[in-house]
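Scroll down for the structure; my scribbles are underneath it.
Hydrogens, waters and symmetry mates are skipped; everything else that's a heavy atom, side chains included, is used. Quick caveat: nothing in here was measured; it's all calculated off a predicted structure.
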Amino acid sequence: MATGQLFSKTTQALFYNYKQLPIQRMLDFDFLCGRETPSVAGIINPGSEGFQKLFFGQEEIAIPVHSTVEAACAAHPTADVFINFASFRSAAASSMSALKQPTIRVVAIIAEGVPESDTKQLIGFAKANNKVVIGPATVGGIQAGAFKIGDTAGTIDNIIQCKLYRPGSVGFVSKSGGMSNELYNTIARVTDGVYEGIAIGGDVFPGSTLSDHVLRFNNIPQVKMIVVLGELGGRDEYSLVEALKQGKINKPVVAWVSGTCATLFKSEVQFGHAGAKSGGEMESAQAKNQALSDAGATVPTSYEAFEGAIKEAFEKLVSEGKTTPVKEITPPQIPEDLNTAIKSGKVRAPTHIISTISDDRGEEPCYAGVPMSSIVEQGLGVGDVISLLWFKRSLPRYCTRFIEICTLLCADHGPCVSGAHNTIVTARAGKDLVSCLVSGLLTIGPRFGGAVDDAARYFKDAYDRGLTPYEFVESMKKKGIRVPGIGHRIKRGDNRDKRVELLQLYARENFPSVKYMEYAVQVETYTLSKANNLVLNVDGAIGSLFLDLLAGSGMFTKPEIDEIVEIGYLNGLFVLARSIGLIGHTFDQKRLKQPLYRHPWEDVLYTK
């Protein structure tokens, strides 16, 4: 066991099993104490590597993350404290790995429930190699104004109230982490504060004992008096009694053993800690308090009198000239996290993204204000979800069904169209699903599948301006623009596209009005008089019918309809639908294990 001070203002630690809050608290304490370097040198997260961003004062820093104890110790040879936040299942193994590293001097084990047999092995190895184990089941320890372990002493506000940002004159050791916070505050009220505080943990077999740390405190010149808080159960306090009797401790010791109320119960009582259970008269709080008092420690009559006893002992040291109270200093102010400041109403900050279609902040996601559970319970379909996320309203069922029909009819058009061809070639090159899908989607545009918006735009403009089909088509011809939505490579006037017929049939049976579709049909009649392949294609049918859906539903204003067409909503339908087919072609090629595609020479015209 170490015989002197464990920590200093340059001590650095390795933190096992990343926990953001305790690490940030350590770094905030560093800043409060005026440390030049962060006390956390590295983080060990099994299976992970990289960096974690945290704050050191106002500066954001990147702390290295290592996947193994060995790698972290090799990368940070000056870090000699190992803070273990592993669960009770892996705490022993990871702690032993740390103890075996030559650079590690102190191991703090936070977890409760570590098997006693494992703890005994750790204690034996640590003693044999002159290393220190704090815990298990501990909150850790603190060197005031220099270094603290994890969540020791709680929040920054509590640390400031307890004057732990600068060293005092009192060495303090306790079994309980929670009670150590209380005593830090008590000691700060009636003395000049704590110099070093340790919570050894409440397990039956702590890695280091009360007497281990009291003997250390006795060897630290800055520690002028010692405060000890024990508890019923076990016999740890008796080693302190023997040290006092043997004269190994020459500084005032004020001690109290909690649990005197246990005698009020008729049966044996198990208090909070695993070790807080009296196994006989000698393990009772009364017996321990009496033994400590007989050995020369100052023991009050009750816990309520503990504070007064500490105050009296400190004032006696001052009056005898054995110590001079530490001068008070003003600690720096810790910058407040933005989220905390916003919640408290101290600051306001602009947002970076605006979203009006969905919200995932509650118990379940909502689409345009409709909870996910409601969507499922009502049996809504893909068309309904599209109406919520694209149009921010629940459209009538005939509208959402039309959207679904468009998706069904446009999902695929065979392997020879440009989008499917690109996807197939990419899949045969061994690329991943997203790459294959994107290669096909990138072909969508004015010449392939991207004419839905243009068809709607031009049909709407012509109809709203009252142009006859003749005037519309001829005006487009003069501008050198082909009429979007008209024309097909395969279909003819005597061989119509079945998809167009199905869409028109559904609309005539379900839509309140089909004025734009009828206008598109009149335009088709005129274009067919010029050429037999100038039929209304699926782009034109969807474009004109979507105008009828928007106008006939009565749920959109004219400016909203114009905006929907302008933004590109209708092409979105084709993109959504065709993605289904492109994904299918990707899986098809991979399932067939097709080799790399090479275009045949005979299909290329080589010319100068």
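- Between Glu474 and Lys479, no side-chain nitrogen of the basic residue sits less than 4.0 Å from a carboxylate oxygen of the acidic one, so the salt-bridge criterion is not met.
- Note: Glu524 CD to Ser529 OG = 11.0 Å, rounded to the nearest 0.5 Å.
- Using a 4.0 Å cut-off between a side-chain N of Lys or Arg and a carboxylate O of Asp or Glu, Arg465 and Asp461 qualify as a salt bridge.
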Run the side chain to side chain contact (heavy atoms under 4.5 Å, CB included) test on Met517 and Arg508 for me, step by step, so that the C-alpha distance in whole Å, both residues' side-chain angles and the decisive distance to 0.1 Å come before the verdict. CA-CA 9 Å; Met517 185 199 76; Arg508 287 193 174 103; 3.4 Å; yes
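- A salt bridge links Glu404 with Arg401: at least one charged nitrogen is closer than 4.0 Å to a carboxylate oxygen.
- Residues Asn45 and His66 have side chains that never bring a donor and an acceptor to within less than 3.5 angstrom of each other.
- Annotation: ring pair (Phe, Tyr, Trp, His ring centres under 6.0 Å) contacts of Tyr367 (sequence neighbours excluded): none.
- Looking at Arg393 and Glu560, a side-chain N of the basic residue comes within less than 4.0 Å of a carboxylate O on the acidic one, giving a salt bridge.
- For the side chain to side chain contact (heavy atoms under 4.5 Å, CB included) test with Phe574, the passing option among Thr407, Ile542, Ile444 is Ile444; the others fail.
- For the pair Lys460 and Asp562, the salt-bridge criterion is met [side-chain N within less than 4.0 Å of a carboxylate O].
- A salt bridge links Arg397 to Asp384: one of the charged nitrogens lies within less than 4.0 Å of a carboxylate oxygen.
- Taking the charged nitrogens against the carboxylate oxygens, Arg361 and Asp359 do have a contact shorter than 4.0 Å, which makes a salt bridge.
- Using a 4.0 Å cut-off between a side-chain N of Lys or Arg and a carboxylate O of Asp or Glu, Asp28 and Arg25 do not qualify as a salt bridge.
- Lys558 and Glu563 are not joined by a salt bridge, as no carboxylate oxygen comes within less than 4.0 angstrom of a charged side-chain nitrogen.
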